[in-house]
Asks: 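Here it is, the structure in full.
Each chain gets a letter, A, B and so on, in the order its sequence line appears, and its residues count up from 1.
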2 protein chains.
Amino acid sequence: MSNRPNPFVKTRRDHADETAEDYVEAIADIEIASGSCRVKDLAERMQVSHVTVTRILSRLAEAGLVARQPYGPVGLTPQGLEMAAASRVRHEVVVAFLERIGVSNATAEHDAEGMEHHASEETLAAMRRYLGLIEDA
Amino acid sequence: MSNRPNPFVKTRRDHADETAEDYVEAIADIEIASGSCRVKDLAERMQVSHVTVTRILSRLAEAGLVARQPYGPVGLTPQGLEMAAASRVRHEVVVAFLERIGVSNATAEHDAEGMEHHASEETLAAMRRYLGLIEDA
DNA sequence: GCAAATTTGTAGCAATGGCTACATTTTGTA
DNA sequence: TACAAAATGTAGCCATTGCTACAAATTTGC
Ligand SMILES: [Mn+2]
Ligand SMILES: [Mn+2]
Ligand SMILES: [Mn+2]
Ligand SMILES: [Mn+2]
């Protein structure tokens with residue numbers, strides 16, 4: 001028997017995971033760019049209200065990805081740092097790959113923002129291979 | 001100024017449409033495979049309860065994509081047929097492209113199910129070009 | 001130091017898509 | 001035809017992510 005998992009997984013949970021990945025990646029980015037990350041910075045980056053950011057950060061703190069204190073800056077836990085690093089690598093691979101096949105930078109950034117969350121390790125490996133980032137065939 | 005739309009905003013818009021696209025595509029598939037599509041068929045295909053299917057179908061009917069009657073089969077409106085056709089083409093392009101770069105069929109099907117909703121026309125064109133489906137360079 | 005501006009928090013609402021439990025309708029079969 | 005099984009509908013719950021309005025805290029500027 002094939003034992004192939006159904007491609008239509010729980011959409012709600014998938015989207016929640018996408019949110020987590022984008023937020024920790026953004027937090028790491030902002031920390032690097034401006035020294036510290038605030039709720040307001042994330043609201044601007046994500047183009048949502050500060051209320052939405054606050055609630056999502058609560059969930060991510062509950063999940064052990066984010067460290068928060070009232071009215072204070074937004075930090076990443078070791079687990080959050082790990083996820084942020086992995087997310088960034090994946091993001092960069094997808095963007096570079098799309099550009100390599102002829103997609104403009106603007107579109108590559110747009111499409112990668114969504115596609116990155118759906119590229120499995122196998123697909124990422126194929127992209128890296130195509131980019132020449134892997135010696136193996 | 002750049003005037004680039006925010007990538008996160010675009011991704012959120014993509015997510016709003018993805019359920020509709022997957023459902024009309026599934027309805028068309030099931031109609032072809034077994035003559036008619038029932039709520040139960042969709043529940044099995046999507047791996048969700050029949051309740052979830054019913055509510056989503058109501059929304060799609062409201063949007064003019066699906067034709068329904070109580071306890072009856074699920075049909076597509078002309079608009080739904082159009083979306084189903086476009087979705088299928090896009091799905092096939094993404095799957096074929098992933099396989100072409102060395103991804104297995106199972107993984108290609110799985111990843112494409114999510115990635116397809118985030119691939120812009122420009123990216124799809126690049127994929128078609130790579131597949132040799134377009135004469136142009 | 002104090003008032004104003006900014007930032008963050010909280011309350012409460014909506015849309016979407018999960019679910020279980022139960023009601024109703026349709027279908028199948030004895 | 002009558003009863004059982006299957007399919008569908010409805011009620012009502014939860015989680016996630018949007019929002020506005022308002023409250024509280026912090027920072028800034030004078
Ligand atoms: Mn993303
Ligand atoms: Mn990203
Ligand atoms: Mn997605
Ligand atoms: Mn899909």
Asks: Round to the nearest Å and state the distance from B:K40 atom NZ to C:dT27 atom P.
Replies: 14 Å
Asks: To the nearest Å, give me how far apart CE (B:M46) and C1' (C:dG17) are.
Replies: 12 Å
Asks: Salt bridge check: are B:R45 and B:D41 linked by an N-O gap of less than 4.0 Å?
Replies: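 Answer for the salt bridge query: no.
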Asks: Hey, where on DNA chain D does chain A first and last touch, going 5' to 3'? Cut-off is any atom under 4.0 Å from a heavy atom.
Replies: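 It runs D:dA15 to D:dT26.
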Asks: Applying the 4.5 Å side-chain criterion to the ILVMFWY set and letting contacts propagate, would B:F97 and A:V95 be lumped into a single cluster?
Replies: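 No: no chain of side-chain contacts under 4.5 Å links B:F97 to A:V95.
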Asks: Starting from P on C:dT16, measure out to CD on B:E62 and report it in whole angstrom.
Replies: 10 Å
Asks: Taking atom CD of B:E82 as the centre, does the number of heavy atoms from other residues, nucleotides or ligands within less than 6.0 Å exceed 12?
Replies: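 Incorrect, the count does not exceed 12.
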Asks: Indicate whether OP1 or OP2 belonging to C:dG17 is found under 4.0 Å from a side-chain N or O atom of A:T11.
Replies: no
Asks: We want to know whether B:T107 and A:E122 form a side-chain donor-acceptor pair, criterion being a heavy-atom distance below 3.5 angstrom.
Replies: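 Yes.
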Asks: Taking the six-membered ring for Trp, is the centroid-to-centroid distance between A:H117 and B:H118 below 6.0 Å?
Replies: no
Asks: Take the protein atom CZ of A:R12 and the nucleotide atom P of C:dG18, then report the distance between them rounded to whole Å.
Replies: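 Answer to the nearest Å: 8 Å.
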Asks: Among the nucleotides C:dA21, C:dT26, C:dG17, which one has an atom lying closest to any side-chain atom of B:V51?
Replies: C:dA21
Asks: Considering heavy-atom distances to DNA chain C, does A:R68 or B:V48 have its closest nucleotide positioned more toward the 5' end?
Replies: A:R68
Asks: So, OP1 or OP2 of C:dT8: does either fall under 4.0 Å of a side-chain N or O from A:R38?
Replies: yes
Asks: Whole angstrom is fine here: how far is it from CG in A:D14 over to P in C:dT16?
Replies: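 Whole-Å distance recorded here is 19 Å.
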Asks: Let me know the distance between CZ of A:R13 and P of C:dC19, rounded to the nearest Å.
Replies: 13 Å
Asks: For B:P73 and A:H50, take the nucleotide of DNA chain D holding the closest heavy atom to each; which residue's nucleotide lies nearer the 5' end?
Replies: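 Mapping each residue to its closest nucleotide by heavy atoms, the 5'-most match is B:P73.
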Asks: Considering heavy-atom distances to DNA chain C, does A:D41 or B:T19 have its closest nucleotide positioned more toward the 5' end?
Replies: A:D41
Asks: Find out whether B:K40 and B:E44 are in side-chain contact, i.e. whether some heavy atom of one side chain is under 4.5 Å from a heavy atom of the other.
Replies: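 B:K40 reaches B:E44 side chain to side chain.
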Asks: Check whether any side-chain N or O of B:S49 sits under 4.0 Å from OP1 or OP2 of C:dC19, and answer yes or no.
Replies: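 Yes, because at least one side-chain N or O of B:S49 sits under 4.0 Å from OP1 or OP2 of C:dC19.
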Asks: Would you kindly give the CD-to-P distance between B:E21 and C:dG17, to the nearest whole Å?
Replies: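 The answer, rounded to whole Å, is 12 Å.
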Asks: What residues in residues 26-36 of chain A put a non-hydrogen atom under 4.0 Å from any atom of DNA chain C?
Replies: none
Asks: Does B:R59 have a side-chain nitrogen or oxygen under 4.0 Å from the phosphate oxygens OP1 or OP2 of C:dG17?
Replies: yes
Asks: Quick one: do B:L98 and A:L124 end up in the same hydrophobic cluster if we chain Ile, Leu, Val, Met, Phe, Trp and Tyr together by side-chain heavy atoms under 4.5 Å apart?
Replies: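 As far as the 4.5 Å side-chain criterion goes, A:L124 and B:L98 are connected within one cluster.
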Asks: Take A:P70 and A:I56, find for each the nucleotide of DNA chain D with the closest heavy atom, and name the residue whose nucleotide sits nearer the 5' end.
Replies: A:I56
Asks: For A:S58, which residues count as a side chain to side chain contact (heavy atoms under 4.5 Å, CB included) partner, sequence neighbours excluded?
Replies: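 Here no residue qualifies.
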Asks: Check whether any side-chain heavy atom of B:L60 lies under 4.5 Å from a side-chain heavy atom of B:R68, and answer yes or no.
Replies: no
Asks: Using ring pair (Phe, Tyr, Trp, His ring centres under 6.0 Å), reason through A:Y23 and B:F8 one step at a time and then give a plain yes or no.
Replies: CA-CA 11 Å; A:Y23 271 71; B:F8 298 105; 8.0 Å; no
